[in-house]
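Read the structure below first, then the notes.
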Amino acid sequence: MLDVIKPHHVSLCVLLRAFLDSDALEDVVSDEGFQSLGDFLLLEIRARSTVKYPSLTELLLQLQQALPSKDTGDQIASLLMEQLGGLQYPDDLVTFFSDMSQLMHSHASSLDVDSMKGGADISSAMGFYIRHCCVSFHMLAFEAACGLFDDLQAYKEAAIHEQQGFQAPPGLSKPALRNQAALHALLNREMARQETLSGVLPAAELVAAADELAYLAPEVAKVDLLKHSHALHQEDYLASVDTLYKYFDSSTGTQTPRPIASTMGVEPNKGHLQEALLSLGAAHTHFGHVQEALLALNEAVRIAQQHNDNVALAHALGALCHILSTAAPAAVAHLTEAGTAAVSPAGHLSQLLKILKRCEKRAQDLQLPHLFVFARLALAQFALEHQTGSDQHPKHKSTPQLSGTTQGRSSAALGVSQAVQDTARLQQAAKLAAAVALPPPPATPAPGMAGNVGPRASVADLFTVTPPVFAANAPVGCGPASADAVEKLAGSAHLLQAASWKLAGNRSLTQASALTHLACYSQSASSEDRALAYAQLANVAMSTKGYKAATEVLAVADAELPYSNSPALQAARLGLAHGRALHRVDARHAALFASQLLGLADPTDSVCKTLRTEAQQAQVRTLLVTGRYEEAAKSARELFERCTEAGMQVQAVELLLLLGQIHQAAGAPLTALPYILSCLLHSTDLHMDLLAADASCSLAAIWLALGPSHGQQAAQQLRSVLPTVLGNGDTDLQARAQMLLAQAMLADASQAELKANPEGVLQPLQAAAAGFAALEDYSKAAEAQHLIAVVCHAVNNTSMRNCAAGEFHKLTWQARQAQAC
């Protein structure tokens, strides 16, 4: 679509003519200035980042800033004003653009280098711009050409007033807006910026473009859609829904018909209503209004079926998958017409699995790569969260399984890795396919013309893949938008990979996946994904290097996302503070942070079903530290039942270990034994190596609690998991394992054996004391120093005994101070 020519285009054409005519600037501009002028003109003719064209005064100022010296800028500005002043009649414009047409030449018709001087090739950026302006001018009616001349005179007079230090009269300073296509492209870019920069820039700066355009061009309906996106990222429900209603009310009947393929049997001009309903459903889903979102999706599916709109139906399936995967089963009372009611958690998961597979198949058939990648990653996440282990253990009949894969979390983790690789390949293919528009399919040759040679392959053939990524009849502009969405999902895939490695207990690979996301996808990823990556890095830093390192990671996140209200970052910050309070046995602050973490979670579990569970686990651990064992056990059992019903296997296995630790702390090791053994069995079955190692340490503690005669069994149990603990375990697990190993060795060793090899006991005790001290767990660090002093006294090492005793008194005082805070 050609731009309606404006005075700004005339000014750029004047500068282009001067630039291309080497004799005009030969004595005025140096080689450096000539190069700077060319760069400035290329930037200006490609500029699409502003709502309105710059005034002549603004153009002159930008020209001054782009050129290397003020004298050069003044001379070129004088040349521009002189040339514009020479256009005194409308006929002068006709002559001007006729002369501009003579500046272009073609390499195919002019191969002489001398004849090519003083012009622009028609296929170059400058040549294309000149042709664009000439054609736009010659297409103007007589009245429009006269109107352009009047606008040009006002354009010059406003600049003259401003150069003389006066304010231009209101009639002369009227801004010239870009055309509708450029404004819509600008709004699309601004909506993309809302997602990527919502936590980086202040809200007022992000919505400035929408406010400016709403003031200058209130008739552009898409401004309301940009405001809806802004309100959505600012968590403003009323403004979000209000602007969405305004957009679809004002744009009904004025939108360009959606070019849906006629080969699919879709009626054109019928996609606006289902698009509105899908957008409304997405907004309700974002705010956790599950029932309202399902109602909107039901209506969107019904209308899409009536109009045979397969693309809208596929996106409705994707939206339904997103609701079912993020919300807890209890939050979903009924489903859409696409499926049956989920009367049980097992039915909820089974329904989700079926719809995910159906969504993936429909996206592949309709060549919608962004929807295919979404379904592919959702299936990998489903397998990671809801698989039930190897075939040697019986499974409930209603437990959903992924067909075509072996059971167990090991295969699920491999499935995530495969999904990440597939997504990366599709991202590359989509980027290449969207880089150059595909040529139309060749027409059927006429009879007798079959032997003719076809057209030469174009450069677009270099960017095609087999089979094609996008449908041949996809709407214009959908390819690049879909490729951008695939790129965002490719970045999210690495966050899923990090979560997979975390479950497997490999913290170094968890860190590597999160760093890969930040290093490779920071420019395209949403601010929420970047916040999640920083939260994952903070948790890894806490596990391996302590609170100081985790605080430094969060400080970097705050510097990168200063305006972010990400729940992931807030949860990470509160989780670190709560863990620190638990280690310091600071019950008051631990309860406070656990309550704040619970307040951060959605009360209906409609947005994130895991955050509330983590907050309730934090409350149970707080009760455990304060010695309220009965309340802790009751809360843990209730939470375990809810997680089991919801199919949250990882959290349920973690709660088994927590229940065992509660009974063990209450002095009932035999009561704790079934919970520990059950956790050990399930975590081993699901390849959750670190959790299995943690359960083994608790089992060793039970052996020690049963009496000194079981020290050998406890030591054997600990040695079997010590490589895993020391290789991938966090600081707390390593310190506990070292402490238990030393206690087991002390329980089994005789006085003579202890004197013969005291280092075998002292080394793990010293490592445990250092680990607990790094975690600010002064009570357990003091216990380790007490054992060191006892061992040193038994082997007559007086100096080391006295040093350990001094550390014991110091740590005991620090523990009292921490609890008194």
Side-chain angles (χ1 to χ4, degrees), residues 393 505 582-583 585 617 620-621 623-637 639-640 651-686 688-726 729-749 760-761 764-765 767-769 771-772 775 777 779-781 783-784 786-787 790:
H393 300 291
L582 288 182
H583 283 121
V585 200
Q617 282 193 42
V620 172
R621 295 185 187 278
L623 294 174
L624 172 60
V625 168
T626 56
R628 299 159 65 180
Y629 302 123
E630 291 186 2
E631 296 181 35
K634 180 180 178 182
S635 300
R637 279 195 299 270
L639 186 56
F640 172 77
Q651 290 78 10
V653 176
E654 291 175 348
L655 284 166
L656 283 174
L657 177 60
L658 183 57
L659 278 166
Q661 292 173 345
I662 291 172
H663 288 290
Q664 187 176 354
L670 293 179
T671 307
L673 185 60
Y675 296 104
I676 301 297
L677 291 175
S678 180
C679 174
L680 181 60
L681 175 66
H682 287 89
S683 57
T684 304
D685 187 27
L686 296 174
M688 301 169 64
D689 297 337
L690 275 185
L691 190 61
D694 199 347
S696 296
C697 291
S698 297
L699 183 59
I702 292 177
W703 281 117
L704 291 174
L706 294 178
S709 59
H710 298 283
Q712 185 175 1
Q713 290 91 334
Q716 290 177 352
Q717 185 75 33
L718 288 168
R719 290 191 179 99
S720 64
V721 297
L722 201 59
T724 300
V725 171
L726 297 180
D730 57 18
T731 306
D732 180 69
L733 180 58
Q734 291 182 16
R736 286 195 296 113
Q738 297 278 23
M739 174 78 86
L740 289 170
L741 180 61
Q743 291 174 344
M745 295 173 66
L746 285 174
D748 188 51
V761 178
L765 284 175
F772 286 130
L775 293 173
D777 194 342
S779 299
K780 291 182 180 178
E783 182 182 353
H786 175 263
L787 288 177
V790 171

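Between the side chain of T684 and the main chain of L680, a donor-acceptor pair closer than 3.5 Å is present. A side-chain donor-acceptor contact under 3.5 Å links T626 to the backbone of L623. The main-chain N or O of L765 is never found under 3.5 Å from a side-chain atom of Q738 such that the two would form a donor-acceptor pair.
At least one side-chain heavy atom of L673 sits less than 4.5 Å from a side-chain heavy atom of L677. Residues L670 and L706 meet the side-chain proximity criterion, which asks for heavy atoms closer than 4.5 Å. Annotation: side chain of L658 is in contact with side chain of R621 (closest heavy-atom distance under 4.5 Å). Taking the side chain as every heavy atom from C-beta outward, Q717 and Q713 never approach each other to under 4.5 Å. L657 places a side-chain heavy atom less than 4.5 Å from the side chain of Q661. For the pair L639 and Q617, the minimum side-chain heavy-atom distance is below 4.5 Å. A heavy-atom distance below 4.5 Å is not found between the side chains of M688 and H682. Between F772 and H583 the shortest side-chain heavy-atom distance does not fall below 4.5 Å.
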task = Quick one: do M739 and L787 satisfy side chain to side chain contact (heavy atoms under 4.5 Å, CB included)? Show the steps, please.
result = CA-CA 9 Å; M739 174 78 86; L787 288 177; 3.8 Å; yes
ask   = Does the pair L718 and S696 meet the rule for a side chain to side chain contact (heavy atoms under 4.5 Å, CB included), with working shown?
value = CA-CA 7 Å; L718 288 168; S696 296; over 6 Å; no
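Around the NE2 atom of H786, the shell of radius 6.0 Å holds no more than 12 heavy atoms that belong to other residues, nucleotides or ligands.
Note: L624 CG to L582 CG = 8.5 Å, rounded to the nearest 0.5 Å.
Between H663 and Y675, the two ring planes are parallel [angle under 30°; tilted spans 30° to 60°].
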